[in-house]
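Counting begins at 1 with the first residue of the sequence. Ligands are counted one by one from 1 in listed order, and the atoms in each one are counted from 1 as well.
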Amino acid sequence: MPTIVIPTSPFDGQRPGTSGLRKKVTVFQQTHYLENFVQALFDVLPDARGKTLVLGGDGRYYNRVAIQTILRMAAAKGYAQVLVGQSGILSTPAVSAVIRRHGASGGIVLSASHNPGGPDGDFGIKYNVANGGPAPEKVTEAVYARTQQIREIHICDSADLPLDTLGNYRIEGMQVSVIDSVADYAAVMRDLFDFDAIRKLLASSFRLRFDAMNAVGGPYAKALIEGELGAPVGTVVNAVPLEDFGGLHPDPNPVNAEDLIAHLFADDAPDMGAASDGDADRNMVVGRKFVVSPSDSLAVLAAHATLVPGYKSGLAGVARSMPTSTAVDRVAKSLGIACFETPTGWKFFGNLLDAGKATLCGEESYGTGSSHVREKDGLWAVLFWLNLIAVTGRSVESLVRGLWATHGRCVYSRHDYEAIPSERADALMRDLRAKLPTLAGTTVAGQSIAMADDFAYTDPVDGSVSRKQGIRIILVDGSRVVFRLSGTGTEGATLRIYLERHEPEPSRQDLPAQEALRPLIFLAETVAQVRAHTGMDQPSVMT
Ligand code: VG1
Ligand code: CO
């Protein structure tokens, strides 16, 4: 089984986005497309001798094929060992946990996360570094540069390995260990949460419904929630990862997880609903007849963190992506801890977590996590909520209303305009950028603008600067409208408009968000001419 060298030539467009390289499955199926990207990655990584790589994915279509190919290339690169999840399955937070617990030099995650799967769906690949987190921009940019020069693929000419049973195999000098997909992750959870308290809660009349959306969260939620924590069988639904997610769009928001929402709004609704996405790093938490916004969820967890064993000594600080609402800022202020504002994408939290500057992090896109790993973590967030409910005896709704009573409500919504021709989306952003210098101090659509800029971030740990991370218009009263283009889509461009308004007055906190945000929606349209640019009358998705 010697290493062979296969000549190749570069593909355009292999630049990783917000979270890895995501393309249609049919793009990845082109001869050498996957191999080129993996080779470019291996070319920029240092020598692999003596090192361990972690490998796994969310089980979507093409996962198994890609894993066999990457194993053969990892052997050619000279890794001492690869830890691969059984059947090729590892959730994104599990990869992070395995890297950290086994001292691996990095890991490859095969996932397009919340994007649909199947032969006509999306596939993706992402590299995580030794801290367990997504590779920083300097690494992903180096990989991209290398993809444009790639000429050779180095691969072992070996047979496929049986990955469905635990055990050790060899490819040349490299050991392949097929590991339990859940064990390391479960150990991390056991260390953080009061499992006895959660067990008691789940043995009481409290009812939970966890929708794994036929994606990779299923085995983890089954093992922990139904297995170790004793929830009745059937608590976790859609629990078997399917290659096409059974046709579901595994993006846990009220639009895509409509079945869960229907259950939580029924007369016999459970006490709490939860869902996770394709690779189980996102979470949605729903109360009985009560939807929780992800930004509020982060703020609630931060406010009560000391009730959870893993955080009982307090939080070093918190961090949120720029478009995420300022609810957690208000909590941080009252706790007297720092709050960092980073660009969108989990990779920007890594340095803050490593440096001990932040303990909890979150994004408006249903992502929450902490220093326990270096990825956002869907099931972790659900266990955190269960732990809080168990020790406070309060409902989901009561915990969120408590936040609003203390800090006011950050009314929030995101409007997505999907599959816009790229040139149109670029033109909208260009026109908007051109207006920025003249907006501050003016009144547009009846709203007084305090500042308008293109968000730039200087990492407080390594000083690296990331520019053009979203256009923000901030009003005199602190309300905000943010515009940015998605970096995870695979069809044209997706424009995201994020809207936030603070409502201190309790009697107005129950207004539907779209109504409360109407003046801001009008401002966004007036400033950015969204309809004219996109040719769309309304967003494709509002969450
Ligand atoms: C989206 C979200 C972002 C998240 C990213 C990856 O990125 O907005 O908050 O970090 O997805 O999440 P974008 O560039 O499309 O807005 V996942 O669960 O898809 O890895
Ligand atoms: Co995800």
Side-chain angles (χ1 to χ4, degrees), residues 15-22 57-60 90-96 109-117 121-128 133-135 137 140 212-213 215-217 220 241 245 249-253 256-257 275-284 294-295 298 319-325 341-350 361-369 373-381 412 414-420 425 429 455 466 468-471 482-498 540-541 543:
R15 175 179 247 142
T18 313
S19 179
L21 182 70
R22 290 191 193 169
D58 63 15
R60 69 178 59 219
L90 282 174
S91 74
T92 290
V95 169
S96 194
V109 191
L110 300 170
S111 172
S113 191
H114 61 289
N115 297 16
D122 291 348
F123 190 73
I125 177 167
K126 182 175 85 147
Y127 183 68
N128 282 21
E137 275 186 330
T140 55
M213 303 192 87
V216 81
Y220 296 86
F245 306 124
H249 184 172
D251 186 357
N253 61 41
N256 291 320
S276 52
D277 73 331
D279 59 337
D281 58 355
R282 296 187 182 201
N283 75 91
M284 176 173 73
S295 300
L298 172 66
R320 61 163 172 86
S321 66
M322 182 272 282
T324 302
S325 100
E341 185 178 39
T342 60
T344 293
W346 212 262
K347 57 180 171 245
F348 295 102
F349 294 132
C361 308
E363 295 191 277
E364 50 64 42
S365 54
Y366 297 85
T368 334
V373 288
R374 293 293 180 273
E375 287 280 5
K376 54 189 188 268
D377 188 344
L379 184 51
W380 166 89
Y412 193 84
R414 187 176 98 186
H415 291 188
D416 292 335
Y417 293 79
E418 295 175 340
I420 312 167
M429 294 300 278
F455 181 62
S466 303
K468 292 192 162 185
Q469 296 296 322
I471 291 172
V482 175
F483 300 83
R484 61 178 282 283
L485 298 183
S486 157
T488 58
T490 59
E491 257 178 72
T494 293
L495 169 69
R496 304 202 195 284
I497 303 180
Y498 309 82
S540 337
V541 186
T543 51

Polar protein atoms (N, O or S) that approach the Co ion (ligand 2) to under 2.8 Å: Ser113 OG, Asp277 OD2, Asp279 OD1, Asp281 OD1

Per-atom contacts of ligand 1 with Asp277, taking only distances under 4.0 Å to non-hydrogen atoms: 18 (O)

Part of Thr488 within contact of ligand 1 (heavy atoms, under 4.0 Å): both

Residue Gly487 vicinity, atoms of ligand 1 by number, heavy atom under 4.0 Å: 13 (P), 14 (O), 15 (O)

OH-OG1 distance between Tyr412 and Thr324, expressed to the nearest 0.5 angstrom: 5.5 Å

Closest to atom 19 (O) of ligand 1 (judged by heavy-atom distance), picking from Glu375, His114, Glu363, Lys347: His114

Protein contact of atom 11 (O) of ligand 1 - nearest heavy atom, named by residue and atom, plus distance: Arg282 NH2, 2.9 Å

Ala112-ligand 1 polar pair, N/O distance under 3.5 Å: no

Heavy-atom nearest neighbour in the protein, as seen from atom 6 (C) of ligand 1, with distance rounded to 0.1 Å: Lys376 NZ, 3.5 Å

Short side-chain to backbone donor-acceptor contact, Asn115 and Thr488, under 3.5 Å: yes

Contact (N/O only, under 3.5 Å) between Thr344 and ligand 1: no

Whether Ser91 side chain and Val216 backbone form a donor-acceptor pair below 3.5 Å: no

Which segment of Ser19 sits under 4.0 Å of ligand 1 when only heavy atoms are counted: side chain

Any donor-acceptor pair under 3.5 Å from Arg60 side chain to Asp122 backbone: yes

Test item: Glu364 side-chain N/O and Pro294 main-chain N/O as donor-acceptor pair under 3.5 Å: no

Expected output: side-chain Thr494 to main-chain Glu418 donor-acceptor under 3.5 Å: no

Pair Asn283-Thr368, side-chain donor/acceptor within less than 3.5 Å: yes

Minimum-distance protein heavy atom relative to atom 20 (O) of ligand 1: Arg22 NH2, 2.9 Å

Thr92 backbone acceptor or donor facing Asp281 side chain under 3.5 Å: no

Numbered atoms and elements of ligand 1 in range of Arg414, under 4.0 angstrom, heavy atoms: 8 (O)

Ion pair Arg320/Glu341, N-O distance below 4.0 Å: yes

Under 4.0 Å to a heavy atom of Arg496 - the qualifying atoms of ligand 1, by number: 8 (O), 13 (P), 15 (O), 16 (O)

Mode of Thr494 contact toward ligand 1 - side chain, backbone, both, neither (heavy atoms, under 4.0 Å): neither

Residues Arg496 and Ser486: side-chain donor-acceptor under 3.5 angstrom: yes

Close side-chain approach of Phe455 to Pro343, heavy-atom, < 4.5 Å: yes

Numbered atoms and elements of ligand 1 in range of Ser113, under 4.0 angstrom, heavy atoms: 17 (V), 18 (O), 19 (O), 20 (O)

Structural part of Lys126 in contact with ligand 1, heavy atom criterion under 4.0 angstrom: neither

Residue-ligand contact Gly345/ligand 1, heavy atom below 4.0 Å: yes

Sidechain-backbone polar pair: Tyr220 side chain, Leu379 backbone, donor-acceptor under 3.5 Å: no

Side chains of Asp279 and Ser113, donor plus acceptor under 3.5 Å: yes

